Amino acid sequence: MGQNLAGLGLTLDDIACRRAVEALDLDPILNDLRAAGVPSHQLTWLAYKQIGGIKRILILRDQRTNACQGTMLVEQRTTGSESFLAVDALIGGPALRAEAMLQRMLCFLILRLETMDERPAGILARFGSSRLCKVLHAIGESIPEARFHPAPDDRVIAFETAAFAHRLAKAAGLACRFQAARDILRDDAPAASEGRPALAVLDLRRAEEATVVEYARKLFRDRIRRGARTQAQAPRLLPHLQPRVTAVALQRG
């Protein structure tokens, strides 16, 4: 297991060994996430999740108390011809910090793509809240040649990327709920949709590996404005959402 400084008084545990993943005790993690304010319906999902096939687990911990503040589960899957990552994430705390930390975890994961046996062609995210969707979209807007599905605008449809996204969802055995992600990005999702699983995909097939690494490292090291430490307002991340994240030391796990 590798441990990395994540800023804002947090560390990021990178658990990538199958034996360590299978030996992980979920009970204290669930208790910590409950205390951090993660909704009960999301905790129920994690409690019944079979983690035996999980490729990697990222855990955010409070540097002072070691309590878990967020976690990301990563599965490596294939459509038969395309390798991809399927991710789920739970995170507590104020929205501004939560989205900043999700950005950290996703960028950390992207920086680890080069260490995997087969470079994933994309990332499929399943989420029960809007945070992960907004962060994944912002990252896709930041990395040249990366593509995000679904596009917020119905009139802009990249059919090749859409077909890729549906192949990933089918291979992961997930019902295609991409419309919910589009509603989230338009900020007009009905309140009832919060908590209902939705899907989004980051397509990295056209992006050069060196370019992906360069931009993911920059985003990982971006500074968060001082207000992000205390505000609980919905943040605006990355270029079009204007993020800045605290400088951190990224250690190789």
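What you see is a predicted model; the values in this text were computed from it and never measured.
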(message) Distance check, rounded to the nearest 0.5 Å: Leu73 atom CG versus Lys55 atom NZ?
(response) 14.5 Å

(message) Evaluate Asp13 against Leu58 for side chain to side chain contact (heavy atoms under 4.5 Å, CB included), listing each step before the verdict.
(response) CA-CA 6 Å; Asp13 293 347; Leu58 303 180; over 6 Å; no

(request) Determine yes or no for a side-chain-to-main-chain donor-acceptor pair under 3.5 angstrom, with Thr71 supplying the side chain and Leu90 the backbone. (result) no

(request) Measure the CD1-CE distance between Ile54 and Met72 for me, rounded to the nearest 0.5 Å. (result) 12.0 Å

(request) Without swapping roles, check the side chain of Arg104 against the backbone of Phe220 for a donor-acceptor pair under 3.5 Å. (result) yes

(request) Output yes when Glu160 and Arg206 qualify as a salt bridge under the 4.0 Å nitrogen-oxygen rule, no when they do not. (result) yes

(message) Any side-chain to backbone donor/acceptor pair from Gln103 onto Leu219? Under 3.5 Å, distance only.
(response) yes

(request) Taking the side chain as every heavy atom from C-beta outward, state whether Met105 and Leu60 have any atom pair closer than 4.5 Å. (result) yes

(request) For the pair Arg119 and Glu114, evaluate salt bridge (charged side-chain N to carboxylate O under 4.0 Å, His left out) and give the outcome as yes or no after the intermediate values. (result) CA-CA 6 Å; Arg119 182 179 183 269; Glu114 60 183 347; over 6 Å; no

(message) Under the rule for salt bridge (Lys or Arg N to Asp or Glu O under 4.0 Å), what residues qualify as partners of Arg34, not counting sequence neighbours?
(response) none

(message) Looking at every heavy atom in both Arg182 and Pro152, which two are closest together, and how far apart are they?
(response) CG-O, 3.4 Å

(message) Please give me the minimum heavy-atom distance between Ile51 and Leu26, naming the atom from each residue.
(response) CG2-CD1, 4.3 Å

(request) To the nearest 0.5 Å, tell me how far Leu102 CG sits from Arg97 CZ. (result) 11.5 Å

(request) With the side chain counted from C-beta on, respond yes when Ile57 and Val74 share a heavy-atom pair under 4.5 Å apart, and no when they do not. (result) no

(request) Mind running side chain to side chain contact (heavy atoms under 4.5 Å, CB included) on Ile139 and Ile110 for me, showing each step along the way? (result) CA-CA 10 Å; Ile139 290 174; Ile110 291 171; 4.0 Å; yes

(message) Testing the basics here: between Leu204 and Leu113, what is the closest heavy-atom pair and its distance to 0.1 Å?
(response) CD1-CD1, 3.8 Å

(request) To the nearest 0.5 Å, tell me how far Ile123 CD1 sits from Leu109 CG. (result) 5.0 Å

(request) Would you mind reporting whether Leu46 and Leu33 have side-chain heavy atoms less than 4.5 Å apart? (result) yes

(message) Between Arg77 and Ser83, is there a side-chain heavy-atom distance shorter than 4.5 Å?
(response) no

(message) Main chain of Cys68, side chain of Asp32: is a donor-acceptor contact present, judged purely on distance under 3.5 Å?
(response) yes

(request) Identify whether the distance between the nearest side-chain nitrogen and carboxylate oxygen of Lys49 and Glu75 falls below 4.0 Å. (result) yes

(message) Just so I know, are the side chains of Val38 and Leu30 near enough to count as touching, which here means a heavy-atom distance under 4.5 Å?
(response) no

(request) Side-chain contact test, heavy atoms from C-beta onward, threshold under 4.5 Å: evaluate it for Asp62 versus Thr11 and give yes or no. (result) no

(request) Return the minimal non-hydrogen interatomic distance between Gly93 and Ala98, and the atom names on each side. (result) O-CB, 4.3 Å

(request) Compare all side-chain heavy atoms of His41 with those of Thr44 and state whether any distance is below 4.5 angstrom. (result) no

(request) For residues Gln69 and Ala36, report the shortest heavy-atom separation together with the two atoms involved. (result) OE1-CB, 4.1 Å

(message) Before you tell me yes or no, could you show the steps for Phe148 and Asp203 under side chain to side chain contact (heavy atoms under 4.5 Å, CB included), namely the whole-Å CA-CA distance, both residues' side-chain angles and the distance that decides it to 0.1 Å?
(response) CA-CA 6 Å; Phe148 177 89; Asp203 183 355; over 6 Å; no

(message) Is the shortest side-chain heavy-atom distance between Thr79 and Glu82 below 4.5 Å?
(response) yes

(message) Using salt bridge (charged side-chain N to carboxylate O under 4.0 Å, His left out), reason through Glu145 and Arg147 one step at a time and then give a plain yes or no.
(response) CA-CA 6 Å; Glu145 299 304 319; Arg147 298 289 183 269; 3.6 Å; yes

(message) For Leu185 versus Lys134, what's the shortest heavy-atom pair and its separation?
(response) CD2-CA, 4.1 Å

(request) Kindly state whether the ring of His149 and the ring of Phe164 have centres lying under 6.0 angstrom apart. (result) no

(request) Taking the six-membered ring of Phe108 (Phe, Tyr or Trp), confirm whether the NZ or CZ of Arg112 is under 6.0 Å from its centre and within 45° of its axis. (result) yes

(request) Mark yes when over 12 heavy atoms from residues, nucleotides or ligands other than Glu22 sit less than 6.0 Å from its CD; otherwise mark no. (result) yes

(message) Using the rule given for side chain to side chain contact (heavy atoms under 4.5 Å, CB included), can you reason through Val135 versus Leu106, listing the C-alpha separation, both sets of side-chain angles and the distance that settles it, and then say yes or no?
(response) CA-CA 8 Å; Val135 172; Leu106 278 169; 3.7 Å; yes

(message) So, using side chain to side chain donor-acceptor pair (under 3.5 Å) as the criterion, who are the partners of Thr211 when residues are at least two apart?
(response) none

(message) For the CZ atom of Arg131 and the CD1 atom of Ile184, what is their distance to the nearest 0.5 Å?
(response) 12.0 Å

